[in-house]
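Structure first, commentary second.
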Amino acid sequence: MRYLILLILTLASLPALAGGPPAVPGPFEDTGSWTAVPSDGVGLTLQGTPGPHGTALRLAFDFHGGAGYACARRKLPLELPANYELSFWMRGEGPANNLEFKLLDPSGENVWWVNRPSVTFPAQWTRVVIKKRHVTFAWGPAGGGDPR
């Protein structure tokens, strides 16, 4: 059974939200810069599709009756300010599932995340907001602290 999730991501610092442009505008406009990273036995395709504000990234995944993960990954040169907010628009079809948003440092060994278990994917475009206080250190040699 195939499911899909559509995402549009806007990265902004809180001062930018007060009227300025986002720090990283439209990272989904170039969908070719995203990489599909599924676990073994999981099918995943990525493609651009119309979203509520430009191009959305469509993740079509199939767990083939098993378990695993389906991840879209992109490197972004991002300097996070002292206080930040990350947001994206999401809609999708499929059973409730964990939604994990991860930030990695340049080494790729330190990971910070927001892990939301049992998310029901909305049928209509819905804005998901992640604030600095929601992001926690997950693992890596840094042992903790803020994303860098």
field: side-chain contact (heavy atoms from CB on, under 4.5 Å) between Val129 and Glu85, worked out
entry: CA-CA 7 Å; Val129 177; Glu85 179 178 283; 3.5 Å; yes
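- Residue Arg116 places its CZ atom among more than 12 non-hydrogen atoms of other residues, nucleotides or ligands, all under 6.0 Å distant.
- Atom-to-atom distance recorded for Leu59:CG and Trp34:CH2 is 8.5 Å, nearest 0.5 angstrom.
- How far CG of Asp62 is from CG of Leu44: 10.5 Å, rounded to the nearest 0.5 Å.
- For Asn110 (side chain) and Ala142 (main-chain N/O), a donor-acceptor pair under 3.5 Å exists by modelled atom type.
- How far CH2 of Trp125 is from CZ of Phe88: 11.0 Å, rounded to the nearest 0.5 Å.
- In terms of heavy-atom proximity, Leu80 sits nearest to Pro147 at CD1-CB, 3.8 Å.
- Closest heavy-atom contact between Asn98 and Pro117: OD1-CA, 3.1 Å.
- In this structure Asp105 satisfies the salt bridge (charged side-chain N to carboxylate O under 4.0 Å, His left out) test with no other residue, sequence neighbours excluded.
- Proximity of a side-chain donor or acceptor of Arg148 to a complementary backbone N or O of Asp146 within less than 3.5 Å is detected.
- Trp139 belongs to a hydrophobic cluster whose other members, connected by ILVMFWY side-chain contacts under 4.5 Å either directly or through intermediates, are Leu104, Val111, Trp113.
- The two residues His64 and Gly41 have their closest heavy-atom pair at CD2-O, 3.0 Å.
- Arg127 and Ser87 are linked by a side-chain donor-acceptor pair at a separation below 3.5 angstrom, with hydrogens and angles left out of the test.
- Met90 places none of its side-chain heavy atoms less than 4.5 Å from the side chain of Thr126.
- Closest of all the heavy-atom pairs between Ala70 and Phe61 is CB-CB, 3.7 Å.
- A 4.5 Å side-chain heavy-atom check between Thr55 and Thr49 finds every atom pair outside the cut-off.
- At distances below 3.5 Å, at least one donor-acceptor pair connects side-chain atoms of Ser39 with backbone N or O atoms of Tyr69.
- Between Leu46 and Ala36, the shortest heavy-atom contact is CD1-N, 3.3 Å.
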task: Walk me through it: do Glu93 and Phe121 pass the test side-chain contact (heavy atoms from CB on, under 4.5 Å)?
output: CA-CA 6 Å; Glu93 300 171 10; Phe121 299 112; over 6 Å; no
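- Within the model, atoms OG of Ser33 and NZ of Lys75 stand 12.0 Å from one another, a figure rounded to the nearest 0.5 Å.
- Under the 3.5 Å distance criterion, the side-chain polar atoms of Lys132 are matched with a main-chain donor or acceptor of Ala82.
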